[in-house]
Amino acid sequence: MSETELSKAYDPTEVEQRWYRHWMDKGYFRADPASDKPPFSIVLPPPNVTGSLHLGHALTATIQDLLIRWKRMSGFNCLWLPGTDHAGIATQMVVERELKKAEGKSRHDLGREEFLKRVWAWKEKYGARIGEQHQVLGASLDWSRERFTMDAGLSAAVREVFVRLHEQGLIYREQKLINWCPSCLTALSDLEVEHEDAKGSLWHIAYPVKGSDQKLVVATTRPETMLGDTAVAIHPADARYLALHGGTVVLPLVGREIPIVLDDVLVNMEFGTGVVKVTPAHDHNDYATGKRHGLPMLSIFDERAAVNENGGAYRGLDRFEARKKIVAELTEQGLLVKEEPHALAIGRCQRCNTIVEPRLSPQWFVKVEPLAQKAIAAVEQGKTTFVPETWTNTFFSWMKNIHDWCISRQLWWGHQIPAWYPASGPKLDNGTLDFTKGTPVVSREKPGPTAENPSGEWVQDPDVLDTWFSSGLWPFSTLGWPEQTADLKAFYPTSVMETGHDIIFFWVARMMMMGLHFMGEVPFRTVYLHAMVRDEKGEKMSKTKGNVIDPLDVIRGAPPDALLPAVRNKFPKGMPAFGADALRFTLASLTQQGRDIKLSLERVNGYKAFANKIWNASRFAMMNLGDFRLGSGFVKDRPLSLADRWILSRLNKAVAGVQTALTAFQFAEAASIIYQFLWGELCDWYIELSKPALQGTDEAAKEASRAVLVFALERVMRLLHPFMPFLTEEIWQRLPFERPTESISIAPYPEANRKLDDPAAEAELEPIIRVIDAVRSIRGESNLSPALRVEAHVQSNDAKLRKALETWKSYLMPLAGLSALHVGSVGPKPPQAAAEISKDLEVYVPLAGLIDLSEERARLLKEIGRAEGELEGLKRKLSNQSFVERAPAEVVEKDKARVKELEVRIQKLQENLKRIAPLEVKVAPPAAGSVDLREELHSELAAAEVPTKPDEQVKEALEQLREGTKEGLTARDRQDLGVAYLQMGLVDDAVREFSKAKEGEAGEKATKAPAGKKSAPAKKSAPKAPVKKKAAAPKKAAARPAAKKKPAAKAPAAKKKPVAKKKPATKKAAPKKGKGKTRGR
RNA sequence: GGGCGGAUAGCUCAGCUGGUAGAGCGUCGCCCUUACACGGCGAAUGUCACAGGUUCGAACCCUGUUCCGCUCACCA
């Protein structure tokens, strides 16, 4: 294919495959720390190496690439740093699952070292895939700086941070009650526990008081934990239990004696019985209570949450079995007072959904509060801002109620904690070191001999760190910290942190704290938080639901068997290739949505069509440019036509609008501006208007339009490039002009240029567009074929306007489809002409002989109705004394002017209506032998059990209707009205309208009966009230005409059928009625 | 329970500092007009959740209500 020849339809797959490699080879995306351009940097939120990218990642990549490409083109030294996260629990679980499936082995079968080898292999494979996927999306990442959270450098940063925090007393090790997952067998941070509302029970259990036959009844949601009770608590002020202060109770089933303690924090006198069992080792509240009262902490579960040796007879039972057995035995002993339903929140493991069990164990913690202080202050001082700003409050409220962060995990995959225990320390039964007992030394490297451990033999803490601990360092660890690298100097703080709002606490907050603490400066200036991508129904995409959409499938297409069921249902023949550009544009357009983005593939398809439209506009340009080549001179130094000047002005507005929108992170707005400009202005108007010049013989005009066309396309390609990088590069490379750079991705981003603004041109073209619209509207409403040329008479008292119309007649003729144009001042009107009237323009199109004039009459009536409605409203407003007095003068003036305008307009419309000669009404005698319509309908309705009396509201509306003028209604209007009446069970009214319709139609046919479609009067004159009616009953009556086949639009025979039997003219009537039914009550 | 967001055309959403509502998709009608049928032209459609209040005037501001969603949270 030659350079100026494009295929008819745009093929994204073909084009997209070519460019990324090229961009990479040329190194356009590589950041330069030595550059003197201003820096702009973003670190990519590192995807987990667990698998492949989903649409959330695609959204992330799209927004960030948009920013980066925009800034890169705007002359910034851009760094967009890619990488992946080791994702401790998640990855370990995935690899374990695979190991089990493939080899039937557990990680323990392999041993730690061998297992980790497997995980690394996994990482290599999936890490690479994630990179490829980003390339398919067109993400302009600097691959030379790709990082992984467990790289040597980043691991060194982790150790450095750990040691320093420990030295500063901000990391400590302590035996505390933590969240434990009995399935993952590790501690979790508070954030990794997801609370879920559940229906449970509240069991009331009687605890016998020692030395009396009294019983204290406690209420609990977890009866099984009574095995670990070490006290019962009552409120010190509770009058009911004053006598029991200082007493003890005997723990049922166990027999242990436990004290009654007084605690006004734990106990709420109003709740339950006012007595609470205290299990410090298995409940966070009780833990605190235990601490306050110095109670023993008795753990009754092992690591898998089965009852341990402290549970006596229940030992070995799983926590849920234990509950059953305990409840049963309490019941047996008559100690279960009652069980009542109770709503509670259950904490589940974020990863495996197992119910979390509070567990007493030694763990490492970060003392967060001092770090949080700094982060709060930084945001308060505006050093970092949130977009949308509503997240600021969310950030504050979490930061201000922050608890210490448990960072140790009992996993293998991750950064092993740099703490060391003397090898000679206390041992467990199985001979291994008991880490719960030893005292560790925290050190960057394995320590040598010390006073406490003269042998110098150390064992490293087997635990690893919370994944988010290392992610929290990402903005500086990836830049080389703790080394003082050039990158760190050039690109920290980063400009924007862009990520999903779901990780504001997990990640954003932690980066803020770590960044401020170790770099003394915020990690990023702006935090842009995007929504979650859902499917089109707003449901979370998940593998189990089968509604996951793979971005790669969207981009490249996929055969049906590669799709998940829910997706395959929509694309039984497989998914078409929409292209990365279309997907990106869609995602950018959806960013204005709130907290969820509902991605519909229809939408993607719409933007694929947009890409195709752009392609074809360019194709049109190429086909009409000859050997033209745009030079570097100013585009306006040519004899420009009005359209030329106009599109340049519009283009400039679009450029300014996009700049403003992008600056404010309004990606959807920016996308919309470009879309509107390209399709709605460049394609719909400019290309059409410039065709005469481009295809004509005036060489100067041709040259000018060619220049403008290339100029506009080239510029808008650059404007669009951050959104659709592939398509724009392809077109940009093919356009004939002097390229200042070898790729669009490093060409300058367009900036508004005042010299292109041309309000005069916009004003001059405006009436021309209005006339074209007017004629098109008349044509459309009258169902005239686009091929049919018509004459137009345009009248105006504005000489300038008339002149513009005359001058640019060549615009009007083809676009409005005219055979002749007559321009003159307001005067005698052409006979039998359709009219469009506005304040300074009147457009007439003679229709005699072309169409049924009643159509035009209906149209005029509708117009009049509209104008009258508005006029009435305005008059009411203006007759209100206080409005005239108190509203700003300009507002009042505006309304007054509008009233005048409307009055003139209505008058003109009415004159016009008169000029279209009213039809002669011939009363057709009933055909011999025809059935009496009235009789027929009555019996039909009776069969359908239509209520004989309509309700009052409807009646009232009908009265008004009967009184109101129905003059000027067409046969079709009458018929619609009849159908409406019929649906209300008003046979007599219906019959009257039907016969009038019949008369009318008989008359109209004399001219030419069209295949009508209008139904406005029926809707207009029977407003609101009938809609409210419970129209359920006349279903059958309504259904009957509707069930009839719609008359084939072109079959004239259909029109001759008796009116009442015809399908009601509008299909719209049906949904409208349906709506009325549901809304009516 | 606290906090936050949402309720606008059939669907998904815009609507800035209050002046009687817009887009895209879809729908309907006419068209294969030599860039594009992934297209052109035209049309229809809204008690702006409900109830009060402020105001000359409210989709917008205030109060309350109802639904929906998110999020945080130790009432056993």
Item to check | Ionic contact status for A:Arg348 with A:Glu194, cut-off 4.0 Å | outcome: no

Checklist entry - By a strict heavy-atom criterion of less than 4.0 Å, which residues belonging to residues 674-683 of chain A are in contact with RNA chain B? => result A:Tyr675, A:Gln676, A:Trp679, A:Cys683

Checklist entry - Can A:Arg776 be said to sit on top of A:Trp685's aromatic six-ring, NZ or CZ under 6.0 Å from centre and within 45° of the ring axis? => result yes

Between the protein and nucleotides 57-62 of chain B, list the N/O to N/O atom pairs that are separated by less than 3.5 angstrom.
none

Which protein N or O atoms sit under 3.5 Å from an N or O of nucleotides 74-76 of chain B?
unit_1: B:C74; atom_1: O2'; unit_2: A:Asn285; atom_2: ND2; d: 2.4
unit_1: B:C74; atom_1: N1; unit_2: A:Asn285; atom_2: OD1; d: 2.8
unit_1: B:C74; atom_1: O2; unit_2: A:Asn285; atom_2: OD1; d: 2.5
unit_1: B:C74; atom_1: O2; unit_2: A:Asn285; atom_2: ND2; d: 3.3
unit_1: B:C75; atom_1: O2; unit_2: A:Asn268; atom_2: ND2; d: 2.9
unit_1: B:C75; atom_1: N3; unit_2: A:Asn268; atom_2: ND2; d: 3.0
unit_1: B:A76; atom_1: OP2; unit_2: A:His342; atom_2: NE2; d: 3.4
unit_1: B:A76; atom_1: O2'; unit_2: A:Ala219; atom_2: O; d: 2.9
unit_1: B:A76; atom_1: N6; unit_2: A:Asn268; atom_2: O; d: 2.9
unit_1: B:A76; atom_1: N6; unit_2: A:Phe271; atom_2: O; d: 2.2
unit_1: B:A76; atom_1: N6; unit_2: A:Gly274; atom_2: N; d: 3.4
unit_1: B:A76; atom_1: N1; unit_2: A:Asn268; atom_2: N; d: 3.0
unit_1: B:A76; atom_1: N1; unit_2: A:Asn268; atom_2: O; d: 3.3

Item to check | Contacts of type salt bridge (charged side-chain N to carboxylate O under 4.0 Å, His left out), residue A:Glu339, not counting sequence neighbours | outcome: none

Checklist outcome for this item: For A:Lys613, the side chain to side chain contact (heavy atoms under 4.5 Å, CB included) test, sequence neighbours excluded, returns A:Trp679, A:Cys683

Item to check | Donor-acceptor pair under 3.5 Å, A:Lys613 side chain vs B:C36 base | outcome: yes

Checklist entry - Which residue, A:Asp773 or A:Asn616, contacts RNA chain B at a nucleotide closer to its 5' end, judged by nearest heavy atom? => result A:Asn616

Next on the checklist: Which residues pass the side chain to side chain contact (heavy atoms under 4.5 Å, CB included) test with A:Arg292, not counting sequence neighbours?
Outcome noted: A:Asp263, A:Val265, A:Leu266, A:Ala288, A:Thr289

Next on the checklist: Let's see if you can work this out: which of B:U12, B:A35, B:C38 has an atom nearest to the side-chain heavy atoms of A:Arg603?
Outcome noted: B:U12

Checklist entry - Which one, B:A73, B:G42, B:A35, comes nearest to the side chain of A:Glu781? => result B:G42

Next on the checklist: So, using salt bridge (charged side-chain N to carboxylate O under 4.0 Å, His left out) as the criterion, who are the partners of A:Lys608 when residues are at least two apart?
Outcome noted: none

Next on the checklist: If the condition is side chain to side chain contact (heavy atoms under 4.5 Å, CB included), which residues does A:Ala661 pass it with, not counting sequence neighbours?
Outcome noted: A:Gln666, A:Glu669, A:Ala670

Checklist outcome for this item: Applying salt bridge (charged side-chain N to carboxylate O under 4.0 Å, His left out) to A:Lys338 and not counting sequence neighbours gives A:Glu340

Pairs under 3.5 angstrom, nitrogen or oxygen only, protein versus nucleotides 2-4 of chain B, please.
unit_1: B:C4; atom_1: O2'; unit_2: A:Arg595; atom_2: NH2; d: 2.9

Checklist outcome for this item: Annotated structure of RNA chain B as dot-bracket, pair cut-off 3.5 Å, Watson-Crick or G-U only, | for inter-strand, is (((((((..((((.....[..)))).(((((.......))))).....(((((..]....))))))))))))....

Next on the checklist: Just to verify, what does A:Arg323 make a salt bridge (charged side-chain N to carboxylate O under 4.0 Å, His left out) with, not counting sequence neighbours?
Outcome noted: A:Glu224

